[in-house]
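Residue numbering restarts at 1 for every chain, and letters A, B, ... go by the order of the sequence lines.
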There are 2 protein chains.
Amino acid sequence: MKDNFLNYNNYVSVDCVVLGYNEVENKLQVLLIKQKGPAPNTSELFKPQFAIPGDLIKEEESLDEAAARILEDLANVKGLFLEQFYTFGHPDRVKDPKDADWLSTRRKDPLARVITVAYLALVRIDQINPSAGYFAEQTVWRSIKKIPKLAFDHNTIVAKALDIIREHPEQHIVGRELLPNKFTLSQLQNLYEVIQNKELDKRNFRKSIKNNEYLITLDEKQKGVLHKPAQYYAFKKPKK
Amino acid sequence: MKDNFLNYNNYVSVDCVVLGYNEVENKLQVLLIKQKGPAPNTSELFKPQFAIPGDLIKEEESLDEAAARILEDLANVKGLFLEQFYTFGHPDRVKDPKDADWLSTRRKDPLARVITVAYLALVRIDQINPSAGYFAEQTVWRSIKKIPKLAFDHNTIVAKALDIIREHPEQHIVGRELLPNKFTLSQLQNLYEVIQNKELDKRNFRKSIKNNEYLITLDEKQKGVLHKPAQYYAFKKPKK
DNA sequence: ATACTTATTGTATTTTGTACAATAAGTGAT
DNA sequence: ATCACTTATTGTACAAAATACAATAAGTAT
């Protein structure tokens, strides 16, 4: 049975697609990091690229824990929505020459294969404070409509995350994750429109959303707006 | 940046939940292997368990290729429906003492963590010929209603696969995978009933299934049956 | 011709999705 | 107090899809 004895190394990482929303700009954005070089100005060859945050898993942590750690390191928040959605493991996914410099500063064996388990995270942009961590020069939010060329196969990973959230927005109860604790139905509708990238009819949207078992009407209205004040709503906590 | 240099080993495997169906027994079954010991009768300690087929990935193959290889080794078939559905990587998932003996015959480092990418495969039981391979003493089909205790976390993996096929049977076009090339609507309905574990109304089932763009009516009927012969149907090939 | 078995089909009802516009409730200006 | 302005809120008619329910059809065997 020698066949099955491992004689090469697999790196395993977790990459997080962090989707953020704020009502003012009314845009869905993805959190990117600018890769950090080996040391300031020591390598003229190193061309930092944008990437989604990710890291190799540690020996004693589960995949879910790794995703939470990466997100916490980066955004200083805990307890966010996090969902594993796909694992990318093509042998060549880290073999592109453009990625070689960065890998050589980070890996004992820069050519070794890296299998990455991808997670989706939903956050309110105004609730978190992304900070460049030990693995990032800086962090930036970018509209999902203007995503630059990313390192490795990260464009593919982001695209798959967007497919998933668009397929089942109500399943992810995106409202709970991406809106303030109290919100109006117009805010909720704006969010759905941004995610689905199409306009929805107000009356029909309200009819359908009111079937949502988690939506509750608060005893509070908007104040100080230059128009009819809107009713506030909230989401119930799920049971689990 | 020493933090990120890997100083431990991750094994990465692919495990396949192979679901099979045959119309005679009208049961959905899962393909299990009986683990093979190090050598016949040399280890009195080794207690073989049932498990789903899986194997460590090879250095040059993608995850999809690994799944196809495992299935081909086991079942001597190619080109079956295969879908990645979840990755299991808890640090303790291979640490149960009951699994230690088997691992010690298979791994340089039996205590090392194994991250496994799980795939779902759908097969027609009468079309494949499972053969005990280099990693199995024997293979058996077991009804999904009577799954024994399996090695590692394989019961959890099978349960998740069943959740997925039940959620979206039509998305997996289970008919194409689990029925003969030509079939009657009653056969198709039986299959759906077994998967969803509930009875369906004949008239309503037929109304809904006939919206399926892939279903075509053949120019052929049953022969030699003791009742009104049924029309045969088939599925169109998907475009892709 | 009859008994038997499974295949096939329709209708009424409910629920859900879609298209579409008038009225309500605040603010600030006059 | 009235009016202009802005966004919030709601209903109705129609189409499409889901559900409940039973009679007739087409073979075989006797």
Side-chain angles (χ1 to χ4, degrees), chain A residues 22-26 166-171 175 179-235, chain B residues 22-26 166-171 173-175 179-235:
Chain A
N22 82 45
E23 303 111 62
V24 183
E25 294 185 78
N26 198 30
R166 282 177 177 144
E167 241 179 296
H168 305 292
E170 71 296 336
Q171 188 172 312
L179 288 177
N181 290 329
K182 60 181 186 186
F183 52 86
T184 68
L185 292 185
S186 295
Q187 286 179 296
L188 186 57
Q189 181 173 351
N190 283 336
L191 172 59
Y192 270 72
E193 287 179 337
V194 166
I195 289 174
Q196 293 178 31
N197 197 27
K198 68 176 178 188
E199 296 200 344
L200 303 172
D201 179 85
K202 286 183 187 186
R203 287 157 292 191
N204 296 336
F205 176 77
R206 279 158 193 256
K207 246 180 294 182
S208 67
I209 202 70
K210 282 183 175 171
N211 290 331
N212 187 311
E213 56 172 331
Y214 293 111
L215 186 68
I216 54 180
T217 308
L218 297 180
D219 194 20
E220 189 183 352
K221 289 186 178 183
Q222 274 184 330
K223 280 184 181 168
V225 287
L226 298 185
H227 53 78
K228 174 172 176 179
Q231 181 72 46
Y232 279 123
Y233 292 81
F235 280 111
Chain B
N22 82 45
E23 304 109 62
V24 183
E25 293 185 79
N26 197 32
R166 281 176 178 144
E167 242 179 295
H168 304 291
E170 72 296 337
Q171 187 172 310
I173 321 185
V174 293
L179 289 176
N181 290 329
K182 61 181 184 185
F183 52 86
T184 68
L185 292 184
S186 296
Q187 286 179 296
L188 186 58
Q189 182 174 349
N190 283 336
L191 172 57
Y192 270 71
E193 288 179 337
V194 167
I195 289 175
Q196 293 177 32
N197 197 27
K198 67 176 179 188
E199 296 200 344
L200 302 171
D201 179 84
K202 285 183 187 186
R203 287 158 291 192
N204 296 336
F205 176 78
R206 281 159 191 254
K207 247 182 290 183
S208 67
I209 202 69
K210 282 183 176 173
N211 291 330
N212 188 311
E213 56 172 331
Y214 294 110
L215 186 68
I216 53 181
T217 308
L218 296 180
D219 195 20
E220 189 181 353
K221 289 187 178 183
Q222 274 183 329
K223 280 184 181 169
V225 287
L226 297 186
H227 52 79
K228 174 173 176 178
Q231 182 71 46
Y232 279 123
Y233 293 81
F235 281 111

Does the side chain of B/Leu185 come within less than 4.5 Å of B/Gln231's, by heavy atoms? no

Residue set satisfying side-chain hydrogen bond (donor to acceptor under 3.5 Å, both in side chains) with A/Asn26, at least two apart, ordered chain then number -> A/Tyr21

Side-chain donor-acceptor pairs under 3.5 Å in residues 196-206 of chain A, sequence neighbours left out?
{"from": "A/Asn197", "atom 1": "OD1", "to": "A/Lys145", "atom 2": "NZ", "distance (Å)": "3.2"}
{"from": "A/Asp201", "atom 1": "OD2", "to": "A/Arg203", "atom 2": "N", "distance (Å)": "3.0"}
{"from": "A/Asp201", "atom 1": "OD2", "to": "A/Asn204", "atom 2": "N", "distance (Å)": "3.0"}

Partner residues of B/Phe183 under the ring-ring contact (aromatic ring centres under 6.0 Å, His included) criterion, sequence neighbours left out: B/Phe235

Classify A/Gln222 by what it touches in the nucleic acid, base, sugar-phosphate, or nothing, heavy-atom distance under 4.0 Å. nothing

Have a look at A/Lys223 and say if it touches a base, only the backbone sugar-phosphate, or nothing, with a 4.0 Å heavy-atom cut-off. nothing

Under 3.5 Å, which donor-acceptor pairs do the side chains of residues 217-227 of chain A form with other protein atoms, sequence neighbours left out?
{"from": "A/Glu220", "atom 1": "OE1", "to": "A/Lys182", "atom 2": "NZ", "distance (Å)": "3.4"}
{"from": "A/Glu220", "atom 1": "OE2", "to": "A/Lys182", "atom 2": "NZ", "distance (Å)": "2.5"}
{"from": "A/Gln222", "atom 1": "OE1", "to": "A/Ala230", "atom 2": "N", "distance (Å)": "3.0"}

Quick check for you: to the nearest 0.5 Å, what is the distance between [X] atom [atom1] and [Y] atom [atom2]?
X: A/Leu179; Y: A/Thr184; atom1: CG; atom2: OG1; result: 8.5 Å
X: B/Tyr233; Y: B/Asn212; atom1: OH; atom2: CG; result: 12.5 Å
X: B/Ile209; Y: B/Leu215; atom1: CD1; atom2: CG; result: 6.5 Å

Every protein N/O lying under 3.5 Å from an N/O of nucleotides 27-30 of chain D:
{"from": "D/dG27", "atom 1": "N2", "to": "B/Leu226", "atom 2": "O", "distance (Å)": "3.0"}

Going 5' to 3' along nucleotides 15-20 of chain D, which nucleotides have protein heavy atoms under 4.0 Å from the base (write B), which only from the sugar-phosphate (write S), and which from neither (write -)? ----BB

Contact boundaries on DNA chain C for chain A, cut-off under 4.0 Å to non-hydrogen atoms: C/dT18 to C/dG28

Kindly write out the residues that satisfy side-chain contact (heavy atoms from CB on, under 4.5 Å) with [X], not counting sequence neighbours, or none if the list is empty.
X: B/Asn181; result: B/Arg124
X: B/Lys228; result: none
X: B/Asn22; result: B/Val24, B/Glu25, B/Gln29, B/Ile125

DNA chain D contacts made by residues 181-191 of chain A, counting heavy atoms under 4.0 Å: A/Ser186

